[in-house]
There are 2 protein chains.
Amino acid sequence: MSTLATPVANLHIAPSDKLHDLLADYPDLLEQADAHCWAMLEMAKLHTFDANTVMFSENMECKHLMLVVEGTVRVFKDSDEGREMTLYRVEPGELCIHNLNNLVNGMPYPIMAQAETSVRGLVISRTEFHNTMSKSDGFRNYVLRSLTERLANLVNLVSGLAFDRLDLRIACWLQAQFERNCGRAIAITHSELGHELGTTREMVSRILKDFEHKRCIKLSRGSIHLNCKHTLKLVSQGKGKRTTRA
Amino acid sequence: MSTLATPVANLHIAPSDKLHDLLADYPDLLEQADAHCWAMLEMAKLHTFDANTVMFSENMECKHLMLVVEGTVRVFKDSDEGREMTLYRVEPGELCIHNLNNLVNGMPYPIMAQAETSVRGLVISRTEFHNTMSKSDGFRNYVLRSLTERLANLVNLVSGLAFDRLDLRIACWLQAQFERNCGRAIAITHSELGHELGTTREMVSRILKDFEHKRCIKLSRGSIHLNCKHTLKLVSQGKGKRTTRA
DNA sequence: CTATAAGTGTGCTCAAAGTTACAGAGTTTG
DNA sequence: CAAACTCTGTAACTTTGAGCACACTTATAG
């Protein structure tokens with residue numbers, strides 16, 4: 001599965017209105033973008049990556065920064081025993097922030113990033129990045145904000161791993177997804193969910209089944225349906241211990 | 001134990017040579033500092049905090065950034081069941097990077113920071129921070145580097161928690177400490193070590209005892225002595241499963 | 001020099017998570 | 001439709017980590 005990160009298309013970007021279109025739906029950056037920031041984005045190249053492209057891994061050096069325009073990139077850590085754990089996702093309007101480590105520190109980085117869908121992104125060179133960081137207040141704030149937000153998320157990950165039982169972590173994950181999805185079914189297999197949370201397929205199956213018995217959710221092949229928001233909330237708050245062996 | 005974060009002393013700083021003295025031993029920042037950066041530091045106030053001062057916690061808002069000059073600050077997360085887990089330490093020449101979250105995002109942050117020793121630090125106001133970030137390449141790079149380094153450390157924490165057995169995590173921690181200490185004994189109680197790694201005193205006692213039986217270390221009240229670097233390395237690489245129940 | 005506190009060792013029990021193994025259900029493909 | 005594959009359910013078992021209880025040791029304070 002080690003598809004190399006070769007861009008499918010690679011074209012200079014058209015004038016500003018095109019750029020606006022690309023970023024139209026992602027206000028996070030737009031609201032902070034100033035002239036310098038736009039200038040940088042104008043110079044950026046739009047690359048397209050196929051789904052499942054490995055965008056960086058253990059030893060790959062990454063000399064560029066990318067702003068995702070379409071699709072999502074999953075950043076994760078894998079273990080030698082075949083387990084893995086999602087650290088976060090980079091979504092449209094967001095920066096592949098871990099590239100920064102490479103960019104700023106020059107250090108390689110023992111994690112992987114992989115396109116989940118087909119991904120389009122604006123690729124910014126190292127020098128352009130530093131240049132704009134110096135000139136554009138908006139871009140600088142945007143980058144800082146991204147970094148500190150990721151930091152905050154990672155701290156939450158840590159505390160979940162250190163202190164929370166797996167069933168709670170799964171319940172919280174479900175809650176967050178259903179929230180995002182406005183209650184619509186989540187398309188994911190148990191094994192994938194295991195990879196999200198750094199655990200095994202069997203544990204996920206067992207715990208989800210338990211939730212189904214508690215009537216929070218309804219399971220079907222490849223997807224999870226919300227049954228009762230309220231019950232799920234209770235479960236995710238730790239009320240009612242697990243019932244697996246009762 | 002909720003000593004409020006009240007500075008003990010609070011004086012305007014003397015001219016540049018004094019500043020140089022304060023930071024003399026911490027080249028990380030010095031080598032990047034330029035005129036703007038120095039100007040900011042000149043304006044900073046030197047505060048002193050007693051050991052054990054809680055520097056920020058769950059709901060405290062923090063409107064300043066601090067550069068630690070002397071002493072160390074431990075940043076950790078605690079659980080409702082009385083366990084806790086060290087996220088990282090801020091040492092001389094380093095920034096209290098989590099303040100940045102507050103500073104940049106304005107969000108409060110569910111972690112604690114506490115002075116381990118008496119701490120002196122240069123306190124920089126929010127506006128001065130942003131101002132210098134815009135003007136000083138050196139400072140900006142320094143901040144970015146700090147952030148990305150913390151990010152990298154947190155990722156390692158996550159993968160340790162998710163994938164490694166406790167004995168390995170303890171062995172690695174010991175290794176790192178002995179490295180720092182040039183092989184000299186580490187002064188720490190089992191309970192404190194538990195708080196470092198998010199586990200309990202008993203587990204630490206048991207596992208350390210096991211290591212002692214393996215002749216890596218020698219235990220005594222309140223400190224851990226290195227016995228055989230090589231054996232410890234083997235243990236920390238996962239060779240030789242635990243012997244506790246054999 | 002005692003009393004008290006802090007730190008350590010350890011056995012027992014239990015719960016959580018992971019592992020192995022396999023059966024069966026649902027999909028896809030030729 | 002039959003074969004091959006993917007996904008799910010689950011039982012039995014092992015390992016890891018936590019919690020409790022208590023004995024014992026070392027340090028500190030009065």
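Heavy atoms only: backbone and side chains are in, while hydrogens, waters and symmetry mates are out. Every chain is numbered from 1 and lettered A, B, ... according to where its sequence line falls, protein lines coming before strand lines.
- Partners of Phe163(B) by ring-ring contact (aromatic ring centres under 6.0 Å, His included), not counting sequence neighbours: none found.
- One atom, CD1 of Ile207(A), and another, P of dA15(C), lie 16 Å apart when rounded to the nearest Å.
- The distance between atom CZ of Arg165(B) and atom P of dA17(C), rounded to the nearest whole Å, is 17 Å.
- As a whole-Å value, the separation of Ile170(B) CD1 from dG17(D) C1' is 11 Å.
- Here CD of Glu94(A) is found 11.5 Å from CE of Met66(A). Values are rounded to the nearest 0.5 Å.
- Comparing dA16(C), dA18(D), dG18(C) by their nearest atom to the side chain of Thr200(B) picks out dA18(D).
- Direction of the helix axis in the helix from dC1(C)-dG30(D) to dG30(C)-dC1(D) shifts by 30° between the two five-pair termini, rounded to 10°.
- When each of Arg169(A), Arg89(A), Lys77(A), Arg201(A) is paired with Glu196(A), the salt bridge (charged side-chain N to carboxylate O under 4.0 Å, His left out) condition holds for Arg89(A) and for no other.
- Protein atom CG of Asp210(B) is 12 Å distant from nucleotide atom P of dG17(D), rounded to whole Å.
- Note: His195(A) NE2 to Thr86(A) OG1 = 9.0 Å, rounded to the nearest 0.5 Å.
- At a threshold of 4.0 angstrom between heavy atoms, the contacts of Arg169(A) with the nucleic acid are absent.
- Salt-bridge formation is detected for the pair Arg74(B)/Glu84(B): a Lys NZ or Arg NE/NH1/NH2 atom is positioned less than 4.0 Å from an Asp or Glu carboxylate oxygen.
- Regarding Leu166(B), its CG atom lies at a distance of 6 Å from the P atom of dA18(D), rounded to whole Å.
- Here dA18(D) presents its C1' atom at 17 Å from CG of Leu161(A), a figure rounded to the nearest Å.
- Here Arg165(B) does not pair with Glu81(A) in a salt bridge; the nearest charged N to carboxylate O distance is not below 4.0 Å.
- With rounding to the nearest 0.5 Å, the separation of CD1 in Ile217(A) from CZ in Phe211(A) is 7.0 Å.
- The residue from Leu232(A), Val235(A), Ile170(A) that alone fulfils the side chain to side chain contact (heavy atoms under 4.5 Å, CB included) condition with Gln175(A) is Leu232(A).
- The nearest whole Å value for the distance from the CG atom in Leu168(B) to the C1' atom in dG17(D) is 14 Å.
- Salt-bridge check for Asp210(B) with Arg206(B): failed, with every basic side-chain N at 4.0 Å or more from each acidic carboxylate O.
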Check the interface with nucleotides 2-10 of chain D: list each N/O to N/O pair with the protein under 3.5 Å, or write none.
unit_1 : atom_1 : unit_2    : atom_2 : d
dT6(D) : O2     : Arg221(A) : NH1    : 3.1
dT6(D) : O2     : Arg221(A) : NH2    : 2.5
dC7(D) : O4'    : Arg221(A) : NH2    : 3.4
dT8(D) : OP1    : Gly222(A) : N      : 2.9
dT8(D) : OP2    : His190(A) : N      : 2.8
dG9(D) : OP1    : Lys209(A) : NZ     : 2.9
dG9(D) : N7     : Arg201(A) : NH1    : 2.9
dG9(D) : O6     : Arg201(A) : NH2    : 2.9

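- When the P atom of dT15(D) is taken as reference, atom CE of Met203(A) falls 17 Å away, rounded to whole Å.
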